[in-house]
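Let me begin by presenting the structure, written as C-alpha cells, before commenting on it.
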Amino acid sequence: MLRLCLLFLFAFGLSGCSTTSFNVLDINALSSDRIDSGSFKGLERLAEKSPENGKNIRVNIIYLHGIGYVENPDDAPLANAFISGVADAYGNTVEDKAVASQCGRDDKDEDVKLQNFIKISDTKVRNYRTTLPGSTLKLTDLACMDRQVLKVSSNIEYVIYRVFWDDIFWESLQAPHVGQDALGAQKGGKIALKRRKYNGQLKDKLVNYGFSDAVLYLGPAGEQIRDAVRGAMCSAALDASGYGFAAQGPRVNHRDICQIAAGQDIQTDPFAFVTESLGSKIAFDIMRDAMTDGRGNIYDDMIKGTQFFMLANQIPLLSLSDISESARQVPEPYSDAERPTIVAMSEINDFLTYELVPFYRNLLSGSQRSDGTQIDMAVESERDRLIDILGFNVIDMRVEFAEPVFPLVSGFVDPLFAHNGHVKQPELIAYMLCGAQDGQLHVDGCRGLRSPRLRGKNFIRKIEAEPTLPNPKGEAAARSGL
C-alpha cells in the first residue's frame, strides 16, 4: 500500500492536467515582421472567386493523404474526420463512416462498386529494377480518386476529391521490400506478432506504412506519384466543369486526361487543397513545377489565388533531398490576387512537422545568395521580394491539442495523434472555414461557426505585447525560435 501511494505521488508530481485543451500558440506570416499577425482566407471565403458569386457557395477540395495505411478497413475512411468536422461546423451531423472506406467501394459491402470514382493509370507499364539483380517490380495504375459531396446548407456545398495512391504503391513496390515485417495489411507478419503491443503499433504506423512512403516518394517512383496527382487534378477539374467521371471513363492515364483538360474551356468553382503529412510535400512539388515550367496549363489555373491547407507538413525535412548543384527556377511574377497561399498547421509536439516561416528565415540566414545580394527581412519591400522569389505566401499556424499518453504524466503526449489529429479539432476546422485576420479567427460573416462543440467559446486570443520579429541573423534568429 505504501509503494502504491508513493507511486501515485510520484506520478502526480510529474503531471499537469490529464488532458490538453486546444490552443493556438501563434499565427505568423513570412511577409510580416510582426509575431501573431498572420491573415488568410478560409475555405468559405474562397468562394468569392466563384462564377456564382453572391448566389451559392461551392468549393472544390483536392484532399491528399500522407504516410500510413490510409485504406485500412478497420480505421475511419480517409477524410472522414474532415468531412464530419465541416458538417459539424454548420450544425449538421453525418454518419460515423460518412464516406466509402475504399475508393469506389461501399463501406457496408466492399463487393458493391460505387460510381463516384475514377482510376488514374500511367502511360505505360513501369519496370523498376530492385536491389536483387535480375528482379523487377511492375507499376501500371497510379491512383484512385473519388468524389464526396457535402451540402451543409441550402446554398453552401463542399465537393471533396479524395486521391488514394497508398494501396497501389504498397502492393506494387513497398510490400515486396518491407511487407514481411508488417502486420496490418500483410497476411502473416510473424515477426510483427512477437513485438510488444505499442512497439508493434509504432513500427507499423510510423515506419512500415509511414517512413517507407516518404523513402519511396524521394526515389524514382516519386515522379509517378506526382503524375497520379496531376492526373487526378485534371480529372477533378473536368468533373467540376460538368464533364463527369462517367464521360471520362472508368480509367484514364494522366497524360491523356490532362490533354483533354487542356483542350477545354474549363469554368469551375474555385479549388482548394487540404493535405496531410507527406501529401503536403507532393502538393508543394506539383505547385512549384507548375509555377516554373514556363507553360500555362490546368495546374496553373487551379493554384492561382488558392489556399493549400497543409496539416503536419514535412517540407523542410524532405527538402533536404532537393539540394543540388543546379539552379532553381524562379516562378513567373504573380499578382497579389493570383499568388497562392500555404497555410501550414502544425501541432508543436508532432515529431515529423516543421513550421515553414522559421524554415525560410533560417534557410535565408544560413545560406549565400547566388546573385550576391542580401534580403533584409526587417524591410517590407525585401520581404515582398522573398515572396516573389518563392511564388507563394506562407502562413504558419502553430497549435497544441495532443493529450498525454499516460493520464497523469503531462510530459509526453500522443505522437501519432499530434501528427494526424488536426481535422478532429473543431476549432481548427473553424479556422480552415473562416480564415484568420491579424492573428484572430475571422468570424465576421462566416457561417461555419455553428458547431455545438464550439457553443459559448471565446475565440478572441491574447496577442503578445512585443510583436516584432527579430531580423534573422545568426544567433538572434536561433534564440527567437521564429
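Along the sequence shown, the residues carry numbers beginning at 1.
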How close do Met291 and Gly391 get, heavy atom to heavy atom, and via which atoms? CE-O, 3.0 Å

Go through the steps for His254 and Val229 under the test side chain to side chain contact (heavy atoms under 4.5 Å, CB included), then give the verdict. CA-CA 8 Å; His254 66 91; Val229 177; over 6 Å; no

Give a yes or no on whether the backbone of Gly435 and the side-chain of Gln437 come within a donor-acceptor separation of less than 3.5 Å. no

Side-chain donor-acceptor contact under 3.5 Å, Gln267 with Ser241: no

Quick one: do Thr292 and Arg328 satisfy side chain to side chain contact (heavy atoms under 4.5 Å, CB included)? Show the steps, please. CA-CA 9 Å; Thr292 58; Arg328 300 282 287 182; over 6 Å; no

Are Asp285 and Arg288 ion-paired here, with the side-chain N under 4.0 Å from a carboxylate O? no

Could you tell me if the side chain of Met377 sits less than 4.5 Å from the side chain of Asp33, heavy atoms only? no

How many angstroms lie between CG in Leu46 and CG in Asp269, if you round to the nearest 0.5 Å? 11.5 Å

Using 4.0 Å as the upper bound for N to carboxylate O, is an ion pair formed by Asp388 and Arg339? yes

What do you reckon, is CD of Glu223 surrounded by more than 12 foreign heavy atoms closer than 6.0 Å? yes

Using a 4.5 Å cut-off on heavy atoms from C-beta on, say whether the side chain of Phe412 contacts that of Asn349. no

Does the side chain of Phe22 reach to within under 4.5 Å of the side chain of Pro426, using non-hydrogen atoms? no

State whether the side chain of Gln440 and the backbone N or O of Arg461 hold a donor-acceptor pair below 3.5 Å, judged by distance alone. yes

Checking side chain to side chain contact (heavy atoms under 4.5 Å, CB included) against Ile67, which of Leu352, Asp166, Val207 comes through? Leu352

Atom of Leu142, atom of Phe169 and distance for their closest heavy-atom approach: O-CE1, 3.3 Å

Intermediate values then yes/no, side chain to side chain contact (heavy atoms under 4.5 Å, CB included), Leu43 and Gln307: CA-CA 8 Å; Leu43 291 169; Gln307 307 266 324; 5.8 Å; no

Which heavy atom in Ala89 sits nearest to a heavy atom in Leu433, and how many Å separate them? CB-CD1, 3.4 Å

Take the angle between the ring planes of Phe401 and Phe417 and call it parallel below 30°, perpendicular above 60°, tilted in between. perpendicular

Between Asp376 and Gln374, is any side-chain donor less than 3.5 angstrom from a side-chain acceptor? no

Min side-chain heavy-atom separation Lys151-Asn92 under 4.5 Å: no

Distance-minimising heavy-atom pair for Pro340 and Phe308: CB-CE1, 4.1 Å

Taking the side chain as everything from C-beta on, heavy atoms only, tell me whether Leu311 gets closer than 4.5 Å to Ser280. no

Which residue in the set Phe392, Tyr217, Phe273 passes ring pair (Phe, Tyr, Trp, His ring centres under 6.0 Å) when paired with Phe284? Phe392

Any side-chain heavy-atom pair of Pro316 and Leu363 under 4.5 Å: no

Using modelled atom types only, decide if a donor and an acceptor are shared between the side chain of Ser153 and the backbone of Ile156 within a distance under 3.5 Å. yes

Any donor-acceptor pair under 3.5 Å linking the side chain of Arg45 with the backbone of Cys434? yes

Tell me whether Asp414 contacts the main-chain N or O of Ala402 through its side chain, where contact means a donor paired with an acceptor under 3.5 Å. no

Tell me the closest heavy-atom pair linking Cys446 and Leu449, and the distance in Å. O-CD1, 4.2 Å

Heavy-atom nearest pair, Ile266 first then Ala237, reads CG2-O, 3.9 Å

Does Gln148 use its side chain to pair, donor to acceptor, with the backbone of Arg162 at less than 3.5 Å? no

Can a donor-acceptor pair be found, under 3.5 Å and without considering hydrogens, that links the side chain of Asn313 to the backbone of Ile315? yes

Determine whether more than 12 heavy atoms belonging to other residues, nucleotides or ligands lie under 6.0 Å from atom CD of Glu382. yes

Could you tell me if the side chain of Cys234 sits less than 4.5 Å from the side chain of Tyr299, heavy atoms only? yes

Is the backbone of Phe271 close enough, under 3.5 Å, to the side chain of Thr306 for a donor and an acceptor to pair up by distance? yes

Euclidean distance, Met432 CE relative to Ile61 CD1, rounded to 0.5 Å: 7.5 Å

So that I can tick it off, tell me whether Asp300 and Lys304 are bridged by a salt bridge, with the cut-off set at under 4.0 angstrom between side-chain N and carboxylate O. no

Taking atom CG of Leu416 and atom CG of Leu206, what is their separation to the nearest 0.5 Å? 5.0 Å

Flag, side chain of Asn297 to backbone of Ala290, donor-acceptor distance under 3.5 Å: no

With rounding to the nearest 0.5 angstrom, report the CZ to CE distance, Phe164 to Met145. 11.0 Å

Report yes if the side chains of Leu390 and Leu30 come closer than 4.5 Å at any heavy-atom pair, otherwise no. yes

Look at the rings of Tyr431 and Phe40 and say which category their plane angle falls in: under 30° parallel, 30 to 60° tilted, over 60° perpendicular. tilted

Mind checking the CD-NZ spacing from Glu427 to Lys457? Nearest 0.5 Å is all I need. 4.5 Å

Is there a donor-acceptor pair closer than 3.5 Å between any side-chain N or O of Asn116 and the backbone N or O of Arg147? yes

Residues Val399, Met345; criterion side chain to side chain contact (heavy atoms under 4.5 Å, CB included); working and verdict: CA-CA 7 Å; Val399 299; Met345 296 177 164; 5.7 Å; no

Interatomic distance, Leu238 atom CG to Ile260 atom CD1 [nearest 0.5 angstrom]: 7.0 Å

Consider ring pair (Phe, Tyr, Trp, His ring centres under 6.0 Å). Of Phe309, Tyr161, Phe82, which one does Tyr63 pass it with? Phe82

How about CD1 on Ile460, more than 12 heavy atoms from neighbouring residues, nucleotides or ligands closer than 6.0 Å, or not? no

